[in-house]
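In what follows, a single structure is set out as structure tokens and then discussed.
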Protein chains: 2
Amino acid sequence: MHPGSLLVQGLATPTTMDIPTAAQPSAELYQTQEQLIPLITSFLENEAHQLFVPSLAIDTAIFSFQNDKLKILLLRFWNTPYYCLPGGFVGKQQTLDEAAYAILRERTGLTTIYLDQFYTSGNLERFGNDALLTKLRELGAAPRPGNWLEQRFVSVCYYALLDEVAFCQTIDPLVFEPEWVDIDKLPEMLYDHAEIAGKALERLQFDLNHKFVGFNLLPEEFTMGELQKIYEAIHQTQLDRASFQRKMLSLGILERLEKKYTGKAHKSPYLYRFNKVPAAAEALAG
Amino acid sequence: MHPGSLLVQGLATPTTMDIPTAAQPSAELYQTQEQLIPLITSFLENEAHQLFVPSLAIDTAIFSFQNDKLKILLLRFWNTPYYCLPGGFVGKQQTLDEAAYAILRERTGLTTIYLDQFYTSGNLERFGNDALLTKLRELGAAPRPGNWLEQRFVSVCYYALLDEVAFCQTIDPLVFEPEWVDIDKLPEMLYDHAEIAGKALERLQFDLNHKFVGFNLLPEEFTMGELQKIYEAIHQTQLDRASFQRKMLSLGILERLEKKYTGKAHKSPYLYRFNKVPAAAEALAG
DNA sequence: CCAAAAGTGTTTTGCATACACCCATGA
DNA sequence: TCATGGGTGTATGCAAAACACTTTTGG
């Protein structure tokens, strides 16, 4: 295995979807700048062109729900105070969905993930002004003209919902350090990623009421209170408990299971599960 | 002016947005196959690579409202029974919106158009199986390996609404013959364009109720009855006249003008205009 | 028995629908 | 004055919202 291929996974999207997550060699080997820079340079000058569709990038807004708050996964760029969204490129034989899915799996280690394309950004901001190239030049490296990042990129944007607090793989900690950030405390971001994150949240808020995506942020079995907290966090409002319960139940897509005994001194809530029978899918379409 | 540049406009997107529509030379000059084939071949082998972002296409679903029916603009491909959506490519210095807008103006001659990106299609259907290449080979031409259409393409899709029955420019009648088609009588289409057209209609139906886009299909001043017909055509239902009027007026985004005397033997309807004050925009956001 | 949280019932309000009625217009 | 289509008023029904009440649990 060519040593650069790990770097490819770190920087970008694997070209196939069946790379076993657990069996990957440790990225620690490439954590020093001295080792990284020539690998990155080689990637930008050679491998990237061979593996990926030119001009095309994927950015993902990955949401999860922790401590009653909606979080988004950001990557802090190379020891700067600037953040960006996890992203990657599209393998020459990959569909867009496959490429986005691969990025998700690479970053989170999870395989069951809700994923939805919501926007394609075609502005020219990054063209000739890439952060990674600038950083490399600061460090004395100079990838040749015509390298991968000197293209103009169009970015297809996805948002994703995680149903467990994902452990976040640090596949390339020196270049991109992952961090879960409160959705209402977004830091300064590179390129147009702040705008993309904003659009992702808008879309999530919208889909929540029209496609019932909320349960994707919870484990398979959940209480009504937990589901309500998701709605409140995403819409940043307070909801009436009784009305919320009736509304959810009236959709006919939740299945009531046995009670959950929490050990707390109050009535135990029922557990619910999303009902996957065809009838439920119908109810959501309208 | 290089003769191929007209062809470029015919096949694809101009790279700038200020080509004067009226001053274009007639395309009649290039209407025979003998003249067209070498120009197309040269375009595919040379000019396209220089002008456009690789791997990226734009497809547009252009809607208008004629005789109380919703129509979509399709292009019949080179004397076959197959149709496709008007499309083009993205100039190296164009944003996606600019490229889509240029295609619209090129095909319709109009400059004020509602335009909304709704989907990016990344399947591999067209890869290695392009209709134009196949047709050229049937005709004995053989663009060299590595020509523009041998790439894998990702297509950014827009839908557009025209507020007048556009005259449809026949810039390349031999290759693509334009035709307004009833939305409920879609013919067989190339690539995944049938799917894209379907998604465009779904999106239009959805936006109609959430972003009040309907008035973009009408001239600036219109009667309530005309607006209602738009809604009925797009949703394929009958609506109550009284309820419709109250709902529209309650949105607070219509401005009532003077009456319109039609010459018909009945009460004359008021004319309305879309209200562009900021308050209206707020009303639409929710 | 109490506090806390969950579940359910009841009232009210708002909105969409349906339908009725009146108005303006030109033949 | 009549037919036609446009504008407005009114009754009805459904569903969401607000609030009250009951139930369950562990201390």
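Chain letters run A, B, ... following the sequence lines, proteins first and then strands; every chain starts at 1.
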Test item: A:Val156 and A:Val90 side chains (from C-beta on) under 4.5 Å apart, heavy atoms: no
Geometric class of the B:Tyr272/B:Tyr270 ring pair [parallel <30°, tilted 30-60°, perpendicular >60°]: perpendicular
Non-neighbouring partners of B:Arg273 that pass side-chain hydrogen bond (donor to acceptor under 3.5 Å, both in side chains), sequence neighbours left out: B:Glu255
Pairing residues for B:Asn216 by the side-chain contact (heavy atoms from CB on, under 4.5 Å) criterion, not counting sequence neighbours: B:Tyr114, B:Leu161, B:Val213
Positional range of nucleotides in DNA chain D within the contact set of chain A, heavy-atom, under 4.0 Å: D:dA17 to D:dG26
Salt bridge (Lys or Arg N to Asp or Glu O under 4.0 Å) partners of residues 194-206 of chain A, not counting sequence neighbours, each pair once: A:Asp116-A:Arg203, A:Arg203-A:Asp207
5' to 3' contact window, DNA chain C with chain A (heavy-atom distance under 4.0 Å): C:dA3 to C:dT10
Axis bend over the full length of the helix from C:dC1-D:dG27 to C:dA27-D:dT1, computed from five pairs that close each end, to 10 degrees: 10°
5′-ward residue of the pair A:His266/B:Met224 relative to DNA chain D: B:Met224
pair B:Phe176-B:Pro86: side-chain heavy atoms closer than 4.5 Å: no
B:Leu162 vs B:Ile113 side-chain heavy atoms within contact, under 4.5 Å: yes
Stretch residues 235-248 of chain A: residues that reach within less than 4.0 Å of DNA chain C through a heavy atom: A:Arg241, A:Ala242, A:Gln245, A:Arg246
side-chain hydrogen bond (donor to acceptor under 3.5 Å, both in side chains) partners for A:Ser155, two or more places apart: A:Asp59
For A:Lys264, all residues meeting side-chain contact (heavy atoms from CB on, under 4.5 Å), sequence neighbours excluded: A:Thr262, A:His266
Contacts of type side-chain contact (heavy atoms from CB on, under 4.5 Å), residue A:Tyr231, not counting sequence neighbours: A:Leu208, A:Asn209, A:Phe212, A:Leu227, A:Leu239, A:Phe244, A:Met248
Residues which pass side-chain contact (heavy atoms from CB on, under 4.5 Å) with A:Arg246, listed by chain and number, not counting sequence neighbours: A:Ala242
Salt bridge (Lys or Arg N to Asp or Glu O under 4.0 Å) partners for B:Lys71, two or more places apart: B:Asp182
